[in-house]
Each structure stands twice: as structure tokens, then as C-alpha cells.
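We name chains A, B, ... by the order of the sequence lines, and we start the count at 1 in each one.
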Amino acid sequence: MSEPSCSVAHRLLLRCATGAQVREAHASLMVTGELVSSPVAAAVFLHNTLIRAYARTGGAAHLEAILVYRHLLRSALPPDTHTFPFLLKASAAALPGSAIAAAQGGAAHAQIVRLGFSGQLHATNALIHFYSLAGDLPAARRLLETSATTDVVSFNTLITGYCRSGNSAAARKLFDEMPQRNGISWTAMISGHVHCGEEREALSLFSAMQSSGVPPMAATLVSVLSACAQLGALEQGRWVHRHLRVSGGGAATINVFLGTALIDMYAKCGEVDAAVAVFEAMPERNLLSWTTLIGGLAVHGRGTAALRLFEQMETSGVAPDDVAFVAALSACSHAGLLDDGRRIFAAMRRRYGVEPKLEHYGCLVDLLARGGRLTEAMAAVEEMPVSPDGRIWSALMAGCRFHGDAKLAERVAERLVALEPDNGGVYVLLANVYGAAGRHGEAVRVRGAMRRRCLGKAPGWSSVEVGGEVHQFTAGGGSHPAAAAARAKWAAVERRLREEEGYVPGREEVLVEVEEEEKDAAVGGHSEKIAMGFAMLRSGEGERMRIMKNLRVCGDCHRATKLVSKVFRREIVVRDRTRFHIFRDGRCSCGDYW
DNA sequence: TTAGGGTTAG
């Protein structure tokens with residue numbers, strides 16, 4: 001007996017990987033007339049399969065899935081229980097910016113009720129999914145609470161919905177209360193914490209998952225690695241890598257997601273060579289894997305290597321997207337590659353049709369401004385099609401400060417203050433510009449204005465990983481139990497730097513109105529130095545010290561860290577807000593350009 | 001050989 005033609009078409013459609021392929025298969029079904037002239041069950045089946053195929057491929061194809069559904073209705077064919085999950089999935093995926101998709105979801109809900117499908121588990125779950133993505137979490141919650149049948153998937157879907165909308169607390173409550181959990185429940189909650197910037201919660205939930213005996217899935221480890229990357233938790237990240245190597249299948253278990261997550265983790269933990277090794281061992285790479293490594297090399301200041309990789313990616317037939325261009329441009333900006341940066345920026349639109357966004361302008365302005373091309377940088381800002389935000393002006397401002405252009409800095413500061421009047425950091429920047437230009441009276445005036453408005457700068461902190469544990473310090477040491485010991489250790493270290501290298505704590509970074517005597521103490525209290533003191537107290541002699549901070553390294557800390565690496569023969573890895581500094585033998589990998 | 005949930009870069 002020969003196979004029914006709808007089965008052949010079904011298999012064909014599910015093999016389609018792109019919207020264009022689905023469109024072609026769709027067209028051939030229209031030509032043969034199979035879509036409408038088959039027996040009713042087969043015709044509905046084919047419509048469902050088409051909707052599913054469009055839903056899978058993404059982009060504009062999501063909307064075409066909706067068109068197929070409307071074609072089904074126009075052909076007077078009855079949607080069945082299989083139709084709605086596919087339709088809702090496509091509608092949910094098409095949601096951003098599509099009023100049609102939003103309306104279709106609501107209409108499908110009404111139709112489900114009318115046809116008596118509302119008791120069906122799959123319809124319920126698809127609706128929860130749709131409302132979650134539509135941002136209507138109360139509607140999704142109502143479905144979970146009032147539906148006759150729900151299962152673990154219903155809960156998992158709502159947990160994900162809460163997390164995507166930023167409400168991890170509601171998600172966690174649901175997770176804690178749900179009657180049973182599977183691996184996906186744990187994974188959804190762990191990745192949800194990461195999504196909401198709660199990496200520590202994510203890691204502690206992962207250890208709870210392990211205690212509960214549920215084995216981690218690949219997707220779980222991807223999220224765990226992402227948490228490690230954000231936290232700079234190298235030891236835990238390495239543990240995941242080892243775990244992958246020993247548990248079943250060896251390197252083959254490292255899929256493209258895990259490989260990319262490992263690259264990111266190593267790069268963000270200061271081990272860029274390990275990131276390169278993972279990349280080279282990957283059997284399969286995609287745009288994200290390339291981009292991650294390019295960005296990793298960029299933050300390590302390896303601009304030339306990053307650009308070489310970018311070219312290799314192009315030659316291998318992978319077209320860069322907007323994110324890849326951010327990575328390439330930031331590589332130029334961290335390494336001061338002025339001409340390459342200009343060239344790549346121009347090629348974005350011309351060769352690849354990628355419209356430059358704020359981030360791209362940010363890199364360009366940063367590059368030009370720090371390269372001393374302040375006029376060109378200002379011109380770039382003025383010709384931007386989108387209005388510049390605080391980050392763009394800040395990049396320009398940093399350039400002004402670096403090159404001592406107090407006049408332009410004032411103009412830029414006016415724009416910045418207008419944009420972000422409550423951001424104390426802006427005033428600090430301006431005061432520093434005046435300080436660098438020797439106009440101390442003006443600097444004091446700006447500080448005064450800042451105080452009158454009761455504005456503060458975001459408090460700085462530094463953290464250091466010792467023995468797999470992360471310790472955090474604010475300026476002066478903060479509330480860490482070992483703050484006093486760390487401060488004392490730093491004082492001893494600094495004495496040796498003075499004796500052997502003639503180190504004098506720099507003054508340009510200090511609040512100008514602070515008395516002379518207190519200046520050294522204020523600089524000595526920078527969180528980075530306390531963290532370094534703590535690391536020297538607690539870590540082994542030859543060990544690399546790993547410090548992470550939320551602000552940029554200041555000039556004085558940079559100088560002091562270089563000297564520590566020389567005098568104490570220690571390698572020090574510092575991850576600051578924008579890049580890595582690797583200190584060795586009195587030198588820094590940034591070449592003093594940051 | 002027809003359904004639903006989780007996963008990486010900036």
C-alpha cells in the first residue's frame with residue numbers, strides 16, 4: 001500500500017530549515033491543490049503541519065503561520081486540538097511589535113473555549129505560553145489556577161514567563177510550591193535567576209538541584225556557566241568543564257551551546273587562552289560562538305587577534321550581525337585600532353546592510369575620542385541618526401579628560417547633565433576634567449553642586465575569588481569581617497612599594513577638597529587595593545590573583561598593581577567594568593591604554 | 001509519520 005500524500009508532505013515540511021523552504025513547499029501544495037482537496041482530516045493535518053513549519057523557522061514566517069490558520073477557516077475546515085498549540089506558538093513568537101499576533105492569540109483563546117477544547121492540557125499550556133510572552137502574566141496565572149488539568153509543563157511555562165518579565169520572585173514562589181519538578185523546572189528557574197541578574201541564587205539553586213538527585217541537563221549547565229561568567233567564578237566554571245569531560249561521551253557532549261558558554265565563561269574569567277582552546281576544539285560553530293570569542297579577545301585587548309578571527313568568520317561564510325560588529329568595533333576600541341575601526345564601521349552598512357545602532361556609535365566615539373580625534377568624535381555624535389544617550393556622551397567625556405580638553409568637556413557635560421541630572425558620576429567626571437586641567441577652583445564648585453543635590457557616585461566595589469569563594473569589598477573594606485586585616489596587609493604592601501619602587505599614591509584621582517594628609521588614606525582605601533591585600537593574605541604565594549570590580553580601574557590603582565606584580569612576582573588579573581588587565585612583571589596587558 | 005515547557009554572544 002502506498003503512503004498517503006499528506007504524510008509525504010508532512011515529512012517534507014518538517015525537514016524545512018528556513019522560511020524560504022517552507023514557502024516553496026507551501027506553494028507546491030497550493031499548485032497540486034492538496035491543501036484543500038484532500039479529505040477533511042488530511043487537509044486539516046496539512047494545515048497544522050504548515051503552521052508548525054512556519055512557527056519553527058522564525059522571522060516573518062511566524063505571521064505566515066497565522067495566514068495559514070486563516071486559510072483553514074476560510075476553507076471551512078474545522079481546526080482540531082492540534083491546530084491551536086502550533087498557532088499560539090507562532091503568535092507568541094511573532095509578538096514583539098505585531099498587533100496581528102497579539103489579536104490572534106486572544107481570538108484563538110475564544111475559539112478554544114467555543115470549540116470545547118479549554119479542558120485540553122496542551123491548549124491550556126499553549127495559552128499560558130502565549131500570555132506569558134504577551135506580558136499578560138495575570139491571565140497566564142488565571143489559566144494555571146482555573147484549568148481542570150495542568151501538569152508540570154504548565155508550571156514550567158509560567159515560571160519562565162515570570163522570569164522573562166523580570167519577576168523572578170513570583171517565579172521562585174511558584175517553583176517552591178509546585179507539586180513536582182522535573183529537570184526542566186530546575187533549569188527554567190536557574191536560567192531565570194541568571195536572566196534577572198541573580199547569579200548567586202542561580203548557583204545556589206544549582207547545588208540544591210544536585211542534592212535533590214535530579215541530573216543536570218546540557219541546558220542547565222549552559223545557564224550555570226553563564227552565571228559563572230557574570231560572577232567571574234572560574235573555579236565553578238572549571239568544575240562544569242571537568243564534569244562535562246568525565247561524564248559520558250567526553251568532548252562529544254559539548255554541543256555548540258555549551259561550547260559557546262564555556263568560551264564566554266573562560267573569557268570573562270580572565271582565561272582567554274582557555275577560551276581559544278575550547279573554540280578550536282568545537283566540531284560545530286555558529287555566529288554566536290565566533291562572536292563570543294571575538295568579544296572575549298576584545299576585552300583582553302587582543303585587538304589584532306580579534307580582527308583576524310572576524311575575517312576568518314567572514315571567509316568561512318558566516319555573515320556578521322549587529323552583535324558581531326559590536327564585538328569587532330570594541331576590539332578596535334580596546335586596542336586603539338583607529339583605522340580598522342573606521343573601516344569596519346563603514347563596512348557595516350555598505351557590505352552587510354547592518355544599520356549602526358547606539359552601541360556601534362558608542363564604540364566609534366570611544367575609539368575616536370581616546371585616540372585624540374575629539375573633533376571627529378564630536379562630529380560622529382552630531383551626525384548620529386539616533387539621539388545619543390549618556391554612554392555616548394560619557395565616552396566623549398572620557399576622551400576629553402584623557403586629552404585634557406576642558407573646553408569641549410564642559411559642552412559635553414552640559415548635555416550629560418541635561419540627560420542624566422541625577423547621575424552623580426557625571427559631576428565627578430566633570431570635576432575630574434577640571435582637576436586634570438589644573439582648574440581646581442572649578443572642580444570644587446562642581447563637587448559643591450553635586451553635594452547640594454545630594455548626589456553620590458555609584459559605590460565602587462571589588463571582589464576576589466580565594467579558594468573557590470568570592471569575597472567582596474567596598475572602599476575602605478566595607479563590612480567584610482577581614483576588612484581590617486586586609487587594610488593592614490595593603491598598608492604593609494604599600495610600604496614595600498614605596499621603599500623598593502618609590503611608589504607615591506597618585507593624587508589626581510582623589511576628591512580635590514580632601515586635605516593633603518587624607519589623600520593618601522583615601523586612595524589607599526580604594527576597594528581594589530583592599531581586595532588585593534586580602535588576596536595576598538589568603539592565597540598561595542605563586543597563585544594568580546583574580547580581582548573583579550564594578551568601575552574602571554583608576555590610574556593610581558593601575559600603577560600600584562603593576563608594581564605589586566613586579567615586587568611580589570605575582571600575576572594579577574583584574575576585570576573592570578569594560579575590560580581585563582593582566583599584570584605581570586610590572587607591566588599590564590592593556591599597555592596602559594584603557 | 002500530528003501538540004505543550006528550558007539553552008549561548010552584546
Side-chain angles (χ1 to χ4, degrees), chain A residues 3-4 6-15 41-42 44-53 55 80-89 92 117 120-130 132-133 149-161 163-164 181-192 194-195 216-227 229 254-265 267-268 275 279 282 285-296 298-299 320-330 357-360 362-363:
Chain A
E3 206 178 7
C6 66
S7 302
V8 178
H10 172 73
R11 272 211 312 275
L12 186 76
L13 276 167
L14 291 193
R15 267 207 305 272
V44 173
F45 172 43
L46 275 179
H47 277 86
N48 290 349
T49 309
L50 248 183
I51 295 171
R52 178 182 177 188
D80 64 12
T81 52
H82 302 300
T83 311
F84 292 103
F86 294 139
L87 173 67
L88 283 164
K89 191 161 189 187
F117 295 157
Q120 300 255 347
L121 189 54
H122 296 308
T124 304
N125 288 342
L127 282 168
I128 293 175
H129 179 70
F130 174 82
S132 290
L133 282 195
T149 45
T150 56
D151 67 353
V152 62
V153 177
S154 324
F155 281 85
N156 291 349
T157 312
L158 188 55
I159 285 171
T160 306
C163 291
R164 285 195 192 169
R181 303 176 191 97
N182 60 17
I184 293 175
S185 321
W186 287 94
T187 304
M189 197 58 239
I190 289 168
S191 80
V194 176
H195 181 88
M217 305 185 303
T220 321
L221 298 175
V222 167
S223 285
V224 168
L225 284 169
S226 169
I254 298 184
N255 64 23
V256 67
F257 287 100
L258 276 167
T260 305
L262 279 169
I263 293 171
D264 191 42
M265 183 278 293
K268 290 214 171 87
F279 178 82
M282 279 171 80
R285 297 161 187 162
N286 64 14
L287 175 60
L288 276 72
S289 335
W290 287 95
T291 306
T292 306
L293 187 57
I294 293 168
V299 291
D321 69 349
D322 56 334
V323 183
F325 276 109
V326 171
L329 288 169
S330 81
K357 290 197 249 183
L358 264 176
E359 293 94 319
H360 305 103
C363 292

> Can you find an N or O donor on one side and an acceptor on the other, under 3.5 Å apart, linking the side chain of A/Asn156 with the base of B/dG4?
Replying inline: no
Side chains of [X] and [Y] only: does a donor on one sit below 3.5 Å from an acceptor on the other?
{"X": "A/Thr83", "Y": "A/Asn48", "value": "yes"}
{"X": "A/Asn156", "Y": "A/Asn182", "value": "yes"}
{"X": "A/Thr157", "Y": "A/His129", "value": "no"}
{"X": "A/Thr292", "Y": "A/Asp264", "value": "no"}

Please classify the nucleic acid contact of [X] as base, sugar-phosphate, or nothing, using heavy-atom distances under 4.0 Å.
{"X": "A/Lys268", "result": "sugar-phosphate"}
{"X": "A/Asp80", "result": "nothing"}
{"X": "A/Phe257", "result": "base"}
{"X": "A/Arg285", "result": "nothing"}
{"X": "A/Thr292", "result": "sugar-phosphate"}
{"X": "A/Leu88", "result": "nothing"}
{"X": "A/Thr49", "result": "nothing"}
{"X": "A/Thr124", "result": "nothing"}

Tell me: [atom1] of [X] to [atom2] of [N], nearest whole Å?
{"X": "A/Glu359", "N": "B/dA9", "atom1": "CD", "atom2": "P", "result": "15 Å"}
{"X": "A/Leu158", "N": "B/dG4", "atom1": "CG", "atom2": "C1'", "result": "14 Å"}
{"X": "A/Leu225", "N": "B/dT7", "atom1": "CG", "atom2": "P", "result": "15 Å"}
{"X": "A/Ile190", "N": "B/dT8", "atom1": "CD1", "atom2": "P", "result": "13 Å"}
{"X": "A/Leu87", "N": "B/dT2", "atom1": "CG", "atom2": "P", "result": "20 Å"}
{"X": "A/Ile128", "N": "B/dA3", "atom1": "CD1", "atom2": "C1'", "result": "15 Å"}
{"X": "A/Arg181", "N": "B/dG6", "atom1": "CZ", "atom2": "C1'", "result": "16 Å"}
{"X": "A/Asp322", "N": "B/dA9", "atom1": "CG", "atom2": "C1'", "result": "11 Å"}

Which listed nucleotide ([options]) is nearest to the side chain of [X]?
{"X": "A/Val222", "options": "B/dG6, B/dG4, B/dT7", "result": "B/dT7"}
{"X": "A/His82", "options": "B/dA9, B/dG6, B/dT2", "result": "B/dT2"}
{"X": "A/Asn48", "options": "B/dG6, B/dT2, B/dT8", "result": "B/dT2"}
{"X": "A/Ser223", "options": "B/dG4, B/dA3, B/dT8", "result": "B/dT8"}
{"X": "A/Asn125", "options": "B/dG4, B/dG6, B/dA3", "result": "B/dG4"}
{"X": "A/His122", "options": "B/dG4, B/dT2, B/dG6", "result": "B/dG4"}
{"X": "A/Arg164", "options": "B/dG6, B/dT8, B/dG5", "result": "B/dG6"}
{"X": "A/Asn182", "options": "B/dT2, B/dG5, B/dT7", "result": "B/dG5"}
{"X": "A/His10", "options": "B/dG4, B/dT8, B/dT1", "result": "B/dT1"}
{"X": "A/Val153", "options": "B/dA3, B/dG4, B/dG6", "result": "B/dG4"}

> How would you list, by chain and number, every residue that makes a ring pair (Phe, Tyr, Trp, His ring centres under 6.0 Å) with A/Phe257, sequence neighbours excluded?
Replying inline: none
>> Strictly below 4.0 Å: does A/Thr157 bring a side-chain N or O up to OP1 or OP2 of B/dG4?
In response: no
>> Can you see if the side chain of A/Arg11 gets near the phosphate of B/dT2 - specifically, an N or O under 4.0 Å from OP1 or OP2?
In response: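 For B/dT2, OP1/OP2 do not have a side-chain N/O of A/Arg11 under 4.0 Å.
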> What are the two closest heavy atoms between A/Thr160 and A/Ala188, and how far apart are they?
Replying inline: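 That would be OG1-CB, 3.7 Å.
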> Mind checking what makes salt bridge (Lys or Arg N to Asp or Glu O under 4.0 Å) contact with A/Asp322, not counting sequence neighbours?
Replying inline: A/Lys357
